[in-house]
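All ligand and atom numbering here is 1-based and tracks the order in the structure. Just the heavy atoms: all of them, side chains too, but no hydrogens, waters or symmetry mates, feed the values below. Counting begins at 1 with the first residue of the sequence.
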Amino acid sequence: MRLEGIHHVTAVTGDVRRNVDFHTRVLGLRLVAKSVNQDDPLVYHVFYSDEVGNPGADLTFFEYRGAVRGRAGAGMVHRVIWRVASREALDFWEQRLNREGIARLRDGDTLHFADPEGLAHELVLDSSTDAPRIADHPQIPHEMALRGFDGVRAYVSDPAASGEFVERVMDATRREGDTWELRGDSRGRTITYDAAPAEPGRPGAGTVHHVAWGAPMAQHATWVDTLRGHRVGSTDVVDRHYFQSIYFREPGHVLFEIASDGPGFARDGTLEDLGRTLILPPWYEQDRARIEAALTPIPDPRADWGAGAGR
Ligand code: ZN
């Protein structure tokens with residue numbers, strides 16, 4: 001049973017407004033949903049993706065307001081890798097980040113930078129034949145835009161053991177060195193395992209919480225059985241409103257999720273309105289006024305685009 005590459009990556013921010021500004025205005029992603037942590041409605045959960053909220057480009061953040069910066073260590077994803085179309089696109093991003101005063105490092109056909117809270121990003125040339133996952137942005141032509149994830153890198157104590165696990169249990173294919181690809185019918189994404197630094201990780205702002213792999217909803221029950229068959233402790237299927245999820249840890253303790261490719265972000269309204277209103281799980285709906293009053297308002301990132309500014 002093959003997984004459809006990365007579905008989403010979820011990280012932590014201490015400042016949701018700055019986080020929205022960076023990912024929408026600077027990186028050109030679309031805010032496709034704002035919701036709350038299902039276990040704590042005073043914690044924002046924001047989702048960025050391509051224009052229609054497709055899995056494969058979906059970076060999400062929990063806001064723990066004022067959270068201090070964390071540090072990636074063993075058992076944590078430490079870098080998010082995105083595809084771009086060409087060297088010209090790398091030049092474009094080098095210049096764009098420079099104008100924003102963001103430190104960046106060009107290393108041949110890759111570009112490294114970090115978000116305002118230290119989460120590492122890398123842009124690489126798209127060598128796949130996957131459909132690009134692109135969001136509209138008035139200053140970023142489609143041929144320059146981010147095209148979705150290429151993969152993630154994670155720190156583990158034993159890269160070979162983690163690689164063996166994704167190969168044996170999750171049907172990954174070894175690409176080269178410590179990089180494995182999980183590829184299904186519609187897309188593929190990679191995970192690279194790096195030997196963890198000696199210093200232990202510390203969750204906090206700018207660190208990744210988990211990475212989710214995509215699967216058709218119809219396969220979720222089978223995945224629970226498969227994990228059990230391999231003696232991997234997992235949750236049952238959890239309803240996350242936009243998708244159904246199963247959580248477990250791989251041998252290096254990186255938190256994995258298997259998320260369904262549907263129903264997706266448009267289930268609450270039209271594509272045009274994605275990200276505009278706060279989505280609450282049904283059981284919090286009765287407390288909407290109190291919850292909205294307690295959360296930092298997030299301005300509509302597209303409010304000043306004006307008519308026809310999009311592409
Ligand atoms: Zn998730």
Side-chain angles (χ1 to χ4, degrees), residues 3-13 16 19-20 23 29-41 43-50 53-64 67 70 72 75-82 115 119 133 148-149 151-154 166 170 182 184 187 189-191 201 203-217 219-220 223-224 227 232-250 252-268 274-275 278-281 284:
L3 290 157
E4 295 286 343
I6 294 172
H7 182 287
H8 64 271
V9 176
T10 294
V12 174
T13 177
V16 77
N19 189 268
V20 169
H23 292 92
L29 301 173
R30 182 172 186 189
L31 177 67
V32 291
K34 52 182 176 185
S35 185
V36 294
N37 185 321
Q38 290 195 349
D39 304 315
D40 182 352
V43 170
Y44 259 130
H45 193 186
V46 292
F47 300 71
Y48 311 103
S49 185
D50 70 353
N54 272 314
D58 179 12
L59 179 60
T60 96
F61 285 84
F62 290 122
E63 185 206 32
Y64 291 96
M76 294 163 79
V77 167
H78 65 89
R79 192 184 304 174
V80 179
I81 305 166
W82 302 86
D115 84 358
L119 174 59
R133 306 294 209 201
F149 300 128
V152 290
R153 298 185 80 105
V166 293
M170 299 172 70
L182 291 91
R187 65 185 184 278
R189 305 288 191 262
T190 62
I191 183 163
T207 64
V208 170
H209 185 262
H210 64 269
V211 57
W213 306 95
M217 183 116 67
Q219 288 178 3
H220 264 49
W223 271 111
V224 171
L227 292 168
V232 179
S234 84
T235 65
D236 284 323
V237 180
V238 181
D239 182 1
R240 290 305 191 198
H241 190 67
Y242 299 116
F243 34 79
Q244 309 273 319
S245 301
I246 304 162
Y247 300 88
F248 57 100
R249 287 187 189 273
E250 55 80 90
H253 301 287
V254 180
L255 183 57
F256 276 0
E257 172 183 348
I258 294 176
S260 60
D261 271 6
F265 295 108
R267 70 172 291 179
D268 300 304
L274 285 180
L278 181 71
I279 308 294
L280 292 175
Y284 289 137

Aromatic contact, His8 with Phe47 (centres under 6.0 Å): no
With heavy-atom distances below 4.5 Å as the criterion, would you say the side chains of His220 and Ser260 are in contact? yes
Does a side chain donor of either Asp40 or Tyr64 reach within less than 3.5 Å of an acceptor in the other side chain? no
Tell me, please, if His7 has any N/O/S atom, main chain or side chain, under 2.8 Å from the Zn ion (ligand 1)? no
Need the atom name: nearest N/O/S atom of Glu257 to the Zn ion (ligand 1). OE1
Is His210 close enough that one of its N/O/S atoms sits under 2.8 Å from the Zn ion (ligand 1)? yes
Has Glu257 got a side-chain atom pairing as donor or acceptor with Tyr247's backbone, closer than 3.5 angstrom? no
